[in-house]
*Asks:* 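Before I ask anything, let me first share the structure, which is written out below as structure tokens.
These values consider heavy atoms only, across backbone and side chains, with no hydrogens, waters or symmetry-generated copies.
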Amino acid sequence: MNFILDFFSSSSLLNKEKTEQEIPSKKKIKEEYWKVALPAAVEGVLLNLMLLADLIMVGTLGIEQAAAVGIVSQPKMILQMIMSAAGVAITAIVARRKGEGDEEGLNSCIKQSLLLLGTLYFFFVCLSFLFSKNIVSFAGANKDYVEYASIYFQYIALSVFFKVFCVVLSSAQIGVGNTKIVLISGMIGNGLNVLFNYILIFGKFGFSAMGIQGAAIATVLGNFIIFIILLYSVTRGDYGIDILRKGTYSFSKKILKPLQEIGTNSFLEHIFERIGLFIFAKMIASLGTVAMGTHHYCILLWDLYYYFGVGMSSASASFTGRKLGEKRKDLAILYMRAAQYSGLWISICVGAIFFLLRNSIFSIMVSDTRVILLGSSVMLIISFLLIPQTQAQVTAGVLRGAGDNRFIAIYSLFVSAILRPCLAYIFVFLWKLGLVGIWLAFFSDEFLKMLLAQYRVQKGIWLQKEI
């Protein structure tokens with residue numbers, strides 16, 4: 001028992017990093033942490049709800065157009081992988097420079113990232129426009145909806161071009177701890193996206209009904225609006241960010257080296273996660289319609305909390321980078337501890353709600369008794385899965401903020417891409433557990449990630465990382 005408590009305790013790390021400097025109270029640390037974490041967490045949940053609203057509206061257009069949207073999601077996800085990986089690196093670099101008081105350095109990081117990724121994605125978008133039909137055909141679109149998918153993908157590629165600038169700017173704001181502007185821009189942009197969807201898809205307020213094309217245009221407009229708001233936010237001088245007066249667009253090794261190192265590790269992590277999910281999707285599809293439909297509903301519910309955890313992870317990365325930049329390793333550990341404790345209690349509370357109301361939740365969403373029974377069994381697993389998942393997210397955020405994310409990429413390869421599919425095969429096909437086996441493999445995946453991330457934190461290597 002003592003071994004387990006010691007493994008999850010940060011006391012040994014704190015003893016090594018004793019300091020005579022003033023340490024804030026536990027209450028103040030928690031308040032500061034949630035001031036950054038809550039807007040980021042809420043933004044993730046609201047984004048997921050707005051995406052759900054989009055899906056509902058597109059679903060009314062008919063099976064061909066709905067299928068076109070579904071098939072485009074895969075190439076869209078691939079397009080976004082590089083920017084997502086770069087976002088992790090930008091947050092870590094900007095947070096470290098903020099902690100060091102190097103405002104020239106943090107603004108240079110923003111400027112050079114905008115230039116580099118903007119140029120890269122300009123070519124990606126051009127290629128997407130030229131070969132849109134080939135791309136969606138390769139993704140699996142058939143002749144019934146390939147034209148719809150091709151047109152939709154062209155607009156989505158344009159939206160991704162604006163999205164890359166949004167990712168750079170929002171990642172920088174997270175790095176300095178200004179998650180409030182990320183929430184505000186997301187609420188306005190994504191809210192207008194839903195409104196534009198309604199107007200352009202169905203032809204309201206004098207506009208012609210454009211169907212799937214209207215949905216794509218709404219996405220472009222939503223991302224453009226978010227970009228404009230975030231662009232304005234980085235010209236005001238708040239939190240030391242002022243790209244009009246500080247920093248340089250001239251590429252420097254000090255920026256590009258950590259951007260490449262941290263970004264590459266994050267990119268590999270995304271790839272290994274996607275490999276595992278792709279194999280999972282194939283297994284679930286083989287279980288039949290009831291299992292596939294039930295899994296879809298479970299994912300929707302799980303995602304609501306998952307994105308809340310992503311917000312907590314971003315806040316952990318921000319505080320870790322800034323406190324290490326300030327040479328306050330003790331505070332980096334204390335903010336990590338606050339995040340872990342907060343995450344533990346929140347995951348227990350949400351898990352208890354899922355556990356107690358699992359039957360009621362599914363009864364509201366569907367009427368099929370088979371789906372309700374199977375979904376309730378899966379929700380039972382999810383209610384316990386949330387605890388290790390949250391700890392894994394928060395602790396991985398600490399490692400990312402410190403620039404120590406190579407270890408995350410390594411365990412993502414072995415746990416998510418290799419071990420999780422193997423466990424799923426055993427649970428599903430050898431032990432005949434069906435969809436329940438899939439989610440038991442998910443639980444095993446998150447539990448192992450929690451242990452491995454905590455092991456890395458206890459080694460203390462992240463506290464010595466230089467960016």
Side-chain angles (χ1 to χ4, degrees), residues 48 51-52 54-56 58-59 63 66-78 81 136 138-142 145 149 269-307 309 354 358-359 361-363 365-386 388-389 392 412-449:
N48 199 55
L51 289 173
L52 183 58
D54 281 357
L55 287 173
I56 292 171
V58 170
I63 190 63
V69 173
I71 206 69
V72 166
S73 65
Q74 292 302 317
K76 176 187 174 183
M77 182 181 66
I78 293 170
M81 284 177 67
V136 296
F138 181 76
N142 63 40
Y145 58 87
E269 177 192 347
H270 287 312
I271 288 178
F272 298 145
E273 286 284 348
R274 293 302 168 193
I275 291 172
L277 290 175
F278 176 77
I279 297 171
F280 255 38
K282 299 285 282 185
M283 289 186 185
I284 296 165
S286 71
L287 295 176
T289 305
V290 172
M292 191 70 183
T294 305
H295 180 72
H296 176 68
Y297 284 112
C298 291
I299 285 289
L300 289 175
L301 292 168
W302 181 50
D303 273 353
L304 289 174
Y305 182 80
Y306 175 83
Y307 284 104
F354 279 5
R358 60 190 188 277
N359 288 312
I361 291 171
F362 263 86
S363 297
M365 293 192 298
V366 291
S367 58
D368 192 314
T369 307
R370 297 170 300 170
V371 175
I372 294 172
L373 289 173
L374 182 56
S376 298
S377 299
V378 172
M379 288 298 292
L380 184 65
I381 299 169
I382 292 176
S383 64
F384 290 98
L385 179 151
L386 298 181
Q389 171 199 313
S412 293
L413 168 62
F414 289 103
V415 176
S416 297
I418 299 175
L419 182 60
R420 185 174 67 189
C422 291
L423 288 175
Y425 182 83
I426 293 170
F427 295 153
V428 173
F429 299 111
L430 298 185
W431 293 2
K432 308 295 183 183
L433 294 177
L435 187 63
V436 170
I438 290 288
W439 283 90
L440 283 175
F442 261 125
F443 179 88
S444 304
D445 172 83
E446 295 296 343
F447 189 79
L448 285 171
K449 285 178 180 175

*Asks:* Is there a side-chain contact (heavy atoms from CB on, under 4.5 Å) between R358 and I361? Walk through the geometry before answering.
*Replies:* CA-CA 5 Å; R358 60 190 188 277; I361 291 171; 5.7 Å; no
*Asks:* Taking atom OG of S444 and atom CG of L385, what is their separation to the nearest 0.5 Å?
*Replies:* 9.0 Å
*Asks:* Could you tell me which non-hydrogen atom of I279 sits nearest to which non-hydrogen atom of P421, and how far apart they are?
*Replies:* CG2-CB, 3.8 Å
*Asks:* Taking only residues two or more places apart in sequence, or in another chain, which ones meet R370 in a salt bridge (charged side-chain N to carboxylate O under 4.0 Å, His left out)?
*Replies:* D368
*Asks:* I need the L435 CG to L374 CG distance, nearest 0.5 Å.
*Replies:* 5.0 Å
*Asks:* If you take all heavy atoms of G437 and V428, which pair is closest and at what distance?
*Replies:* C-CG2, 4.0 Å
*Asks:* Could you tell me whether F278 atom CZ has more than 12 heavy atoms of other residues or ligands within 6.0 Å of it?
*Replies:* no
*Asks:* Once you round to the nearest 0.5 Å, how far does CE of M81 lie from NZ of K76?
*Replies:* 15.0 Å
*Asks:* Could you walk me through whether L419 and L448 pass the side-chain contact (heavy atoms from CB on, under 4.5 Å) check?
*Replies:* CA-CA 10 Å; L419 182 60; L448 285 171; 3.3 Å; yes
*Asks:* Could you tell me the separation between the CD atom of E269 and the CD1 atom of I271, rounded to the nearest 0.5 Å?
*Replies:* 11.0 Å
*Asks:* Would you say the side chain of F442 lies within less than 4.5 Å of the side chain of Q389, judging by non-hydrogen atoms?
*Replies:* no
*Asks:* Looking at every heavy atom in both V290 and T294, which two are closest together, and how far apart are they?
*Replies:* O-OG1, 2.6 Å
*Asks:* Just verifying a value: how many Å separate I438 CD1 and C298 SG, rounded to the nearest 0.5 Å?
*Replies:* 11.5 Å
*Asks:* Quick one: closest heavy-atom pair of F447 and P388, and the distance?
*Replies:* CA-CB, 3.8 Å
*Asks:* Looking only at heavy atoms, which two atoms of I284 and A291 are closest? And how far apart?
*Replies:* CG2-O, 4.4 Å
*Asks:* Quick check for you: to the nearest 0.5 Å, what is the distance between L423 atom CG and W431 atom CH2?
*Replies:* 8.5 Å
*Asks:* Mind checking whether L277 and R420 have side chains closer than 4.5 Å, heavy atoms only?
*Replies:* yes
*Asks:* I'd like to know whether CZ of F443 has more than 12 heavy-atom contacts from other residues, nucleotides or ligands below 6.0 angstrom.
*Replies:* yes
*Asks:* Considering the options W302, W439, F362, which one meets the side-chain contact (heavy atoms from CB on, under 4.5 Å) requirement together with M379?
*Replies:* F362
